[in-house]
2 protein chains.
Amino acid sequence: MAVSSGPQTGKGSAEAMCPYRLVLEHVTSRWGVLVLIHLLERPHRFSELRRAVGRMGRPVSEKMLAQTLQTLERDGMVLRDAQPVIPPRVDYSLTALGREAAEQVRTLALWTERRMAEVDSARRAYDEART
Amino acid sequence: MAVSSGPQTGKGSAEAMCPYRLVLEHVTSRWGVLVLIHLLERPHRFSELRRAVGRMGRPVSEKMLAQTLQTLERDGMVLRDAQPVIPPRVDYSLTALGREAAEQVRTLALWTERRMAEVDSARRAYDEART
DNA sequence: CTGTATCCGAGCAGATACTG
DNA sequence: CAGTATCTGCTCGGATACAG
């Protein structure tokens, strides 16, 4: 929606809805999904995550990655560990809550992948029907 | 996060990504989620669906509802039954594929609802930490 | 390296009016 | 009732420059 792309990290246009829908939009957002799935595998540093996410899907801007991580951290899904060293080093990992969310999102993503052939054939049928 | 807005029902800005991500965005889009959940309960007519969706979340415009339904129909999730009567009557229901998707989305929505208290407390902690 | 601040374009999404 | 067409504002999200 808009799963625009989805709702976003900010509060944006979603002032008046069930509060949990907001969380749902956070975890299912364009970058939220990818971040959660990658962190489910193992903790990542900022740039590492940026590269990993870029490998599937398209490249993430620093801005959007930071925004996504902040939102997920605020929602209690992601843990941020900033080590006071130079150069800066920050590791991101999942909380227990985040792991539960990530597993569900991954399940849904895998289901979508498995069913892709059916979706494609449905699309061809639909498109052909109006030619 | 992108948590941003939901991706949406159209194709929009998502030209260059794994194809299944597109389907994921359709079913998790702002209106896609609500439509699927309501249709899981029983088939609905257009206006009926419009009212039902409006009761939770905010009102849907006719345009967005039609767009969402068309996208989900094209993806093979929703069945459209237009009866040639006057006044027009159109019923929407889920296909087998759509039912699977709807169940997963509902599961995720229910999980989010159950965990809302934890999310809220995480948010308060986060917000207070930077005061 | 890990971000933050600002600017700006693209297109999502609502309102409205109209058609079958 | 069930949509389509059009107009428009708003916000998302990328690019860039800069800071700690």
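Note that these values count all heavy atoms, side chains included, but never hydrogens, waters or copies made by symmetry. Here is how names work: the chains are called A, B, and so on, in the same order as the sequence lines, proteins then strands, and each is numbered from 1.
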Kindly list each side-chain donor-acceptor pair under 3.5 angstrom involving residues 116-123 of chain A, sequence neighbours excluded, with atom names and distances?
residue  : atom : partner  : partner atom : Å
A:Glu118 : OE2  : A:Arg115 : NH1          : 2.5
A:Ser121 : OG   : A:Glu118 : O            : 3.4
A:Arg123 : NE   : B:Asp75  : OD1          : 2.7
A:Arg123 : NH2  : B:Asp75  : OD1          : 3.0

Query raised in the report: Is any side-chain nitrogen or oxygen of A:Arg51 closer than 4.0 Å to OP1 or OP2 of C:dC1?
Result: no

Query raised in the report: Does A:Arg21 come within less than 4.0 Å of A:Glu25, counting only side-chain N to carboxylate O?
Result: yes

Query raised in the report: Going through the checks in order, is the side chain to side chain contact (heavy atoms under 4.5 Å, CB included) test met by B:Leu94 and B:Leu40?
Result: CA-CA 7 Å; B:Leu94 293 178; B:Leu40 195 55; 3.9 Å; yes

Query raised in the report: B:Arg58 has an atom CZ; how far is it from atom C1' of D:dC10, in whole Å?
Result: 12 Å

Report summary line: Winner on side-chain proximity to B:Phe46, out of C:dA13, C:dT2, D:dG3, is D:dG3

Query - Integer-rounded Å distance: C:dT2 C1' and A:Ile86 CD1 - result: 12 Å

Report task. Measure from CZ on A:Arg130 to C1' on D:dT4 and round the result to the nearest Å. Result -> 15 Å

Distances under 3.5 Å between nitrogen or oxygen atoms of protein and nucleotides 4-10 of chain C:
residue : atom : partner : partner atom : Å
C:dT4   : OP1  : A:Gln70 : NE2          : 3.2
C:dT4   : OP2  : A:Gln70 : NE2          : 2.9

Report summary line: Sorted by chain and number, sequence neighbours left out, side chain to side chain donor-acceptor pair (under 3.5 Å) with A:Arg80 holds for A:Tyr92

Query raised in the report: Starting at CG of A:Asp81 and ending at P of C:dT2, how long is that distance when rounded to a whole Å?
Result: 12 Å

Report task. Counting heavy atoms from C-beta on, name the nucleotide in C:dG3, D:dG3, D:dG14 closest to the side chain of A:Tyr92. Result -> C:dG3

Query raised in the report: Would B:Val27 and B:Leu110 show up in the same hydrophobic cluster when neighbours are defined by side-chain heavy atoms closer than 4.5 Å?
Result: no

Query raised in the report: Can you tell which of C:dG3, C:dC1, D:dA2 lies closest to the side chain of A:Val90?
Result: C:dG3

Requested in this report: May I ask you to evaluate whether B:Arg30 reaches the phosphate of C:dG14, defined as a side-chain N or O under 4.0 Å from OP1 or OP2?
Outcome: yes

Requested in this report: Give one of base, sugar-phosphate or nothing for B:Arg80, where a contact means two heavy atoms less than 4.0 Å apart.
Outcome: sugar-phosphate

Query raised in the report: Which residues pass the side chain to side chain donor-acceptor pair (under 3.5 Å) test with B:Glu128, sequence neighbours left out?
Result: none

**Report entry** Gap between atoms NE2 and P, on B:His44 and D:dG3 respectively (whole Å)
**Finding:** 15 Å

Query raised in the report: Within 45 degrees of the axis of the six-membered ring of A:Tyr126 and under 6.0 Å from its centre: does A:Arg124 put its NZ or CZ there?
Result: no

Query raised in the report: Which nucleotide in the set D:dG13, D:dC1, C:dT2 lies at the smallest distance from any side-chain heavy atom of A:Met64?
Result: D:dG13

Requested in this report: Quickly work out the B:Leu49 CG to D:dA2 P distance and round it to whole Å.
Outcome: 10 Å

**Report entry** Integer-rounded Å distance: C:dC1 P and A:Arg50 CZ
**Finding:** 11 Å

**Report entry** Listed partners of B:Asp91 passing side chain to side chain donor-acceptor pair (under 3.5 Å), at least two apart
**Finding:** B:Gln83, B:Arg89

Query raised in the report: Counting just side-chain N and O atoms, does B:Trp31 come under 4.0 Å of either OP1 or OP2 of C:dG14?
Result: yes

Query raised in the report: According to a strict under-4.0 Å criterion, is B:Ser47 in side-chain N/O contact with OP1 or OP2 of D:dA2?
Result: yes

Report summary line: Terminal axes of the helix from C:dC1-D:dG20 to C:dG20-D:dC1 (5 end pairs apiece), angle rounded to 10 degrees, sit apart by 50°

Query raised in the report: Would B:Val90 end up clustered with B:Val78 when hydrophobic side chains under 4.5 Å apart are linked, directly or stepwise?
Result: yes

Query raised in the report: Of B:Val60 and A:Glu48, whose nearest nucleotide on DNA chain C comes first from the 5' end?
Result: A:Glu48

Report summary line: When rounded to whole Å, the CG to P distance for the pair B:Asp91 and D:dG3 reads 10 Å

Query raised in the report: Does a side-chain N or O from B:Arg45 land closer than 4.0 Å to OP1 or OP2 of D:dA2, or not?
Result: yes

Report summary line: Closest non-hydrogen atoms of A:Arg42 and A:His44, given as atom of the first, atom of the second and distance, are O-ND1, 2.7 Å

